[in-house]
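To keep things clear, I will list the structure first and then write my remarks on it.
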Amino acid sequence: MAKKLEFPDNFLWGASTSSYQVEGNLENTNWSDKFPAGRACDHYHRYQEDFDIADLLNLNAFRLSVEWSRIEPRPGEFKSKEIEHYRKVFEDLKEKNMKVMLTLNHFTLPKWISEKGGWSNSKIISHFSRFSKRMVGEYKDLIDFWITINEPLIFSSLGYLEKEWPPLKKDWISFLKSIRNQVKAHKEVYNILNQDYNQKVGIAKNNQCFEPFNENSIFDRFSSRVADFLWNRYFLNKINGDLDFIGLNYYFHNKIKFPWKIRNENKITTDLNWEVYPEGIYHVLKELKQYEKPVYVTENGLADSEDELRKEFIKSHLYYIHKAIKEGVNVQGYFHWSLIDNFEWDKGFKPRFGLVKVNYDTLERSIRPSAFYYSDVAKNNQLEL
Ligand code: BGC
């Protein structure tokens, strides 16, 4: 008989998106000049259709973000039309009985902030706090979970060290300032949202599974531990006192060869050549246990245009999440990245992360087979092995 793994009661089964990647027509951000997303998936106009699909797939939760540049295109000038738009978006999710997790900042910044240094300029802290305060004032009745910042270290390292993302710099000082300002901004926004408005507030943290390439090498073990501390724990340690839950975005496993070389076996890889290593999510979750907070997997997914790996990917990652839960990690939800194919930052539209395929010529949506598999898991709140 097939073995069944039950998930905890009230477990959240969701999917994630972010505004710049799906909405379309955003010309006023730090990405818009070099990496324009054009009309993207036109989710701005088609959100109801997309949420209908999420509903049909039995999802009981949804993670999305507000686009700061749309709402506050110039300092202090808040657009009521756009505030009203997002209210309708959240109301639609609520009518479908979904829990709403809202990210306040998912990589994009209004131009007026990025032109002044973005996250590397400490002025952003008060701007972000003012924006967040306005958001919580407007939407507190509709949002169940707030995420302050998505993947602070990814944004800072790709933007300020690797020259891959805006502002396309290599500048250690700006990198360090950007981390420091994100820590401060998170804390300040936490205080407003949690203390003043009694909301649940977390972060979406990209944590990775680090292992020494050679277990017997003291050097590889050293490098792996340092990487693990700096990447996985440093930021969380800084904000741990101001955090109601941890959002985990899990994508990567790195076998580290001294000093910092990554040597993975890459037995299975995605369309982006990222290694598929489901066991890694178990190790990363076990590491988060020390924080004694509820954990939501706020992102996990793969680029797989033919939908060849996605079903097994979901199944195997859920298997390891369940194992972590059995061993005492308080995981309360899983949000697959992503509901629909979307704009993958510097890589454009080629990578296909969606449970739902988007035809970018016609904007037609079609549900991939793996989505029906995920839908069954969500409906039954259990995984059949
Ligand atoms: C980001 C998403 C992105 C996904 C896949 C995460 O780092 O939060 O915006 O699309 O990974 O690369």
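For ligands, and for the atoms within them, numbers begin at 1 and follow the listed sequence. Fair warning: this is a prediction, and the values are worked out from it, not measured in the lab. Computed from heavy atoms alone, side chains included, the values below leave out hydrogens, waters and symmetry copies.
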inquiry  = Using a plain distance cutoff, I'd like to know if Glu299 has any nitrogen or oxygen under 3.5 Å from a nitrogen or oxygen of ligand 1.
reply    = yes
message = In this structure, does ligand 1 have an atom that sits under 4.0 Å from one of the heavy atoms of Phe155?
response = no
query = More than 12 foreign heavy atoms under 6.0 Å from NZ of Lys111: is that the case here?
reply = yes
ask   = Between Gln21 and ligand 1, is there a nitrogen or oxygen pair with a distance under 3.5 Å?
value = yes
Asn60 side chain to Trp13 backbone, donor-acceptor under 3.5 Å = yes
inquiry  = Using a 4.0 Å heavy-atom cut-off, which part of Asn150 comes near ligand 1: side chain, backbone, both, or neither?
reply    = side chain
ask   = Heavy-atom count around Lys238 NZ within 6.0 Å, excluding the residue itself: above 12?
value = no
ask   = Taking N or O atoms only and a 3.5 Å limit, does Trp345 qualify as a polar contact for ligand 1?
value = yes
ask   = Would Lys88 and Asp92 pass as an ion pair if we require N to O under 4.0 Å?
value = no
Salt bridge (Lys or Arg N to Asp or Glu O under 4.0 Å) against Lys286, all qualifying residues, sequence neighbours excluded = Glu327
request  = Find all atoms of ligand 1 within a distance of less than 4.0 Å from any non-hydrogen atom belonging to Trp274, and give their numbers and elements.
outcome  = 12 (O)
Contact atoms of ligand 1, heavy-atom distance to His106 under 4.0 Å = 1 (C), 2 (C), 8 (O), 9 (O)
message = Under 4.0 Å from a heavy atom of Phe353: which atoms of ligand 1 are those, numbered in the order shown and with their elements?
response = 5 (C), 12 (O)
message = Counting only heavy atoms not in Tyr197 (residues, nucleotides, ligands), do more than 12 fall under 6.0 Å from its OH?
response = yes
